[in-house]
Protein chains: 2
Amino acid sequence: MKRPTIADIARRAGVSKGAVSYALNGQPGVSEATRQRIVAIAQEIGFNPNSAARALSGASARAVGLTLCRPARMLSIEPFFMGLISGFESELAARSYALTLQVVATPELEVEVYRRWWGERRIDGVIVTDLRENDVRIQVLQQLQLPAVVIGGPGDTGRIAQIWSDDAGAITETVRYLVALGHRRIARVSGLPDLLHTQTRTRAFHEVCASLGLNEAVTVPSDYTGEEGGRATRRLLIGNDRPTAIIYDNDVMAVAGLAVAQEMGLAVPGDLSIVAWDDSPLCSLVHPPLTALTRDIAEYGAHAARELLAAIDGKQVGNVEAGAAHLTPRGSTAPPRQPGSAAPAQPEP
Amino acid sequence: MKRPTIADIARRAGVSKGAVSYALNGQPGVSEATRQRIVAIAQEIGFNPNSAARALSGASARAVGLTLCRPARMLSIEPFFMGLISGFESELAARSYALTLQVVATPELEVEVYRRWWGERRIDGVIVTDLRENDVRIQVLQQLQLPAVVIGGPGDTGRIAQIWSDDAGAITETVRYLVALGHRRIARVSGLPDLLHTQTRTRAFHEVCASLGLNEAVTVPSDYTGEEGGRATRRLLIGNDRPTAIIYDNDVMAVAGLAVAQEMGLAVPGDLSIVAWDDSPLCSLVHPPLTALTRDIAEYGAHAARELLAAIDGKQVGNVEAGAAHLTPRGSTAPPRQPGSAAPAQPEP
DNA sequence: CTCCACCACTTATCCGGTTCAGTGAATTCT
DNA sequence: AGAATTCACTGAACCGGATAAGTGGTGGAG
């Protein structure tokens with residue numbers, strides 16, 4: 001079954017290809033009567049303009065690209081990326097832009113994908129996640145003049161737009177909250193240490209701990225997976241001066257940490273309080289439900305998509321701050337049980 | 001910065017556009033020396049063939065489409081889809097096919113997306129998930145003659161290739177295992193009831209239960225979300241003849257069910273055994289870790305992508321069975337505690 | 001009544017590849 | 001040696017739209 005072209009419409013309407021093009025694109029140059037006739041025929045035969053032909057005559061590809069540079073096993077469990085993708089989609093679909101996805105192994109391969117996509121005119125712009133320090137991708141994007149939006153700062157992205165949330169503020173708020181509950185030994189299990197937002201969080205965490213006189217604050221680097229998060233937790237909890245509260249850089253590690261604590265016979269939140277960064281249904285599913293730093297990830301993604309579309313349209317976009325994460329207290333945080341004091345009544349079996 | 005075209009290469013090499021095209025595509029018609037000279041120039045100036053121009057001259061778009069028809073909040077937590085996407089990618093990237101993604105609200109919108117993509121020549125084929133009974137999408141795909149692979153059968157897909165795993169066998173194995181442990185009252189919390197694979201599982205579940213003389217077998221329909229899964233579990237557990245084992249159609253609901261059981265003071269696995277369909281890191285993260293029906297979802301996706309690429313190449317592909325899920329016993333299943341007998345020692349706090 | 005502006009189109013060109021039908025020169029065959 | 005074939009390449013058409021330039025007819029202004 002041959003797919004119809006404007007030539008088919010032109011033949012049936014008894015006009016030229018050019019007239020059809022004008023009519024379908026709402027350009028002046030055809031009478032209203034003719035336009036309606038042409039539109040009706042296009043409807044009837046189910047015409048869709050060939051995107052390749054359009055793109056070839058100078059129009060944009062009407063697609064944006066996203067590369068994901070994490071191992072498959074991390075992607076499948078992390079609710080973050082799917083949330084982000086849903087957010088992108090909500091904006092892109094409304095303007096009928098397609099989203100092209102590629103999973104890559106390394107940042108170097110990622111820039112290769114950018115080069116290829118851009119060279120092939122396959123996409124009009126890209127969304128970059130997981131900003132690193134002196135990120136190779138930034139230079140390449142600038143050099144290619146490929147419209148882009150970077151998520152995961154704040155960082156130095158030159159002329160490229162970025163969108164970030166105030167992670168430093170969020171972690172400061174969290175530490176203050178835990179200290180207010182009475183915690184003095186607070187630890188943190190972080191995400192991949194070479195990501196810029198991990199560094200931002202780490203810096204802010206240690207600053208606020210120092211300012212509050214918490215000298216034992218420690219950050220254990222991890223990689224967002226449950227296994228690593230569990231291992232890191234075990235390492236933290238076997239020490240003599242074990243922390244009474246742990247902040248995790250994502251929900252998956254927090255859930256894993258919870259399981260480790262329970263397996264070691266520690267009561268949560270009595271013996272150990274837990275805070276997860278990024279709230280997902282996961283956090284409310286487990287028992288006790290986890291106190292979390294909630295962000296609207298889909299909205300974050302939608303915001304990024306809007307910025308990217310603006311950049312593609314040639315508008316100047318800069319450094320945008322999205323809504324910061326805010327603390328959602330649930331059952332996993334409480335004042336620490338005093339050593340030697342009786343265990344508070346637990347609703348657990 | 002203007003992106004280079006074959007005309008640029010032709011000028012620099014002192015040959016015609018046609019010669020460059022032959023050289024870069026490994027076609028006969030140029031001498032080996034010239035070919036190498038042309039390839040070197042292409043390398044040097046960073047040439048990538050414009051995919052639109054290629055697609056326009058009859059070549060394929062080198063992209064496949066995937067639509068996801070589930071609400072965003074389900075997508076973000078379900079590890080299934082990300083696993084599937086990772087699997088697709090591993091095959092597609094190897095043959096440098098792009099994956100185009102779209103989140104849609106309804107199956108009707110989904111067929112609109114197919115029509116548009118195909119009409120625009122944006123994609124060469126699609127992967128269809130969540131097969132339903134008398135699925136509208138099947139007819140449309142056949143009518144459009146759009147190459148496709150359907151996941152989520154087995155079902156009637158006419159000439160369209162499908163790939164499925166033996167869910168009936170897997171659930172039969174699971175029930176037999178639970179019965180062997182001593183369970184007699186087994187319930188099931190299912191996924192969306194209008195999905196074909198849900199119906200397959202339900203039918204098989206009730207058949208095996210009947211054949212084993214389990215007359216109280218009940219399936220509670222749900223929707224894959226944690227909230228619904230938790231609610232369904234609560235409903236099952238408040239009855240007088242509460243089940244001693246529950247099988248969940250996905251991991252998210254199983255984790256939610258676990259939380260509900262613990263919150264109601266039931267010991268898992270002593271009072272209630274839990275089996276999750278689809279093993280994800282989630283299942284081993286919680287405490288106790290969940291017995292699960294393990295499938296290699298990424299491999300499932302990779303397999304589907306291979307079939308689709310074969311279909312795009314015009315090869316006849318039919319009805320392919322992928323590896324079935326197999327039971328991975330973990331801590332959440334055990335013989336049911338006899339009513340009145342002493343509770344076995346629990347390692348929990 | 002003439003000239004010009006305007007409308008509603010048509011014609012032609014372009015985008016950047018692919019591909020087919022030549023073309024001249026070198027090589028092979030008879 | 002002359003004809004036939006092969007080789008290495010050129011020129012042009014083509015894919016399906018967008019768009020600039022051109023065309024004939026109409027209406028109003030001068």
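Numbered from 1 within each chain, the chains take letters A, B, ... in sequence-line order. Quick caveat, the model's predicted, so the values are computed rather than measured.
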Exercise: identify the closest heavy-atom pair between B:Ile127 and B:Tyr114: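 For B:Ile127 and B:Tyr114, the tightest heavy-atom pair comes out as O-OH, 4.1 Å.
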
Closest contact, heavy atoms only, A:Val128 versus A:Leu141: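 Closest approach of A:Val128 to A:Leu141, heavy atoms only: CG2-CD1, 3.6 Å.
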
[X] has an atom [atom1]; how far is it from atom [atom2] of [N], in whole Å?
X        : N      : atom1 : atom2 : answer
B:Glu120 : D:dC15 : CD    : C1'   : 17 Å
A:Asn50  : D:dG17 : CG    : P     : 6 Å
A:Arg121 : D:dG17 : CZ    : C1'   : 16 Å

Those residues of residues 30-43 of chain A lying under 4.0 Å from DNA chain C by at least one heavy atom: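 Of all residues in residues 30-43 of chain A, the ones placing a heavy atom under 4.0 Å from DNA chain C are A:Val30, A:Ser31, A:Thr34.
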
Spacing of OH belonging to B:Tyr300 relative to CZ belonging to B:Phe88, to within rounding of 0.5 Å: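 Atom-to-atom, B:Tyr300:OH and B:Phe88:CZ are 9.5 Å apart.
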
Keeping [X] on the side-chain end and [Y] on the backbone end, is there a donor-acceptor pair under 3.5 Å?
X        : Y        : result
A:Arg35  : A:Ala23  : yes
A:Trp118 : A:Leu144 : yes
A:Asp135 : A:Arg137 : yes
A:Asp124 : A:Ala61  : yes
A:Thr34  : A:Val30  : no

DNA chain C: 5'-most and 3'-most nucleotides touching chain A, 4.0 angstrom heavy-atom criterion: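 Extent of the interface on DNA chain C: C:dA8 to C:dG16.
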
Using a 3.5 Å cut-off and no angle test, enumerate the donor-acceptor pairs between side-chain atoms of residues 98-106 of chain A and protein atoms at least two apart in sequence or in another chain.
{"from": "A:Thr106", "atom 1": "OG1", "to": "A:Glu108", "atom 2": "N", "distance (Å)": "3.4"}
{"from": "A:Thr106", "atom 1": "OG1", "to": "A:Leu109", "atom 2": "N", "distance (Å)": "3.1"}

Neighbour count above 12 (heavy atom, 6.0 Å) for A:Asn134 CG: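 Count not over threshold, so no.
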
CG (A:Asp156) with more than 12 external heavy atoms under 6.0 Å: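 Open: at most 12 neighbouring heavy atoms sit under 6.0 Å from CG of A:Asp156.
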
Nucleic acid footprint by protein, nucleotides 18-25 of chain D - heavy-atom cut-off 4.0 Å, B for base, S for sugar-phosphate alone: BBBB----

Bend angle of the helix from C:dC1-D:dG30 to C:dT30-D:dA1, end axes from five pairs each (to 10°):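 If I round to tens, the end axes sit 50° apart.
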
First of B:Gly14 and B:Gly119 reached from the 5' end of DNA chain D, by closest nucleotide: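 The residue closer to the strand's 5' end, by nearest nucleotide, is B:Gly14.
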
Can you give each donor-acceptor pair under 3.5 Å made by side-chain atoms of residues 39-52 of chain A, sequence neighbours left out, with the distance rounded to 0.1 Å?
{"from": "A:Glu44", "atom 1": "OE2", "to": "A:Arg12", "atom 2": "NH2", "distance (Å)": "3.0"}
{"from": "A:Asn50", "atom 1": "OD1", "to": "A:Ala52", "atom 2": "N", "distance (Å)": "2.7"}
{"from": "A:Asn50", "atom 1": "OD1", "to": "A:Ala53", "atom 2": "N", "distance (Å)": "3.2"}
{"from": "A:Ser51", "atom 1": "OG", "to": "B:Glu120", "atom 2": "O", "distance (Å)": "2.8"}

Salt bridge (Lys or Arg N to Asp or Glu O under 4.0 Å) evaluation trace for A:Glu110 with A:Arg115: CA-CA 9 Å; A:Glu110 201 173 334; A:Arg115 278 186 204 282; over 6 Å; no

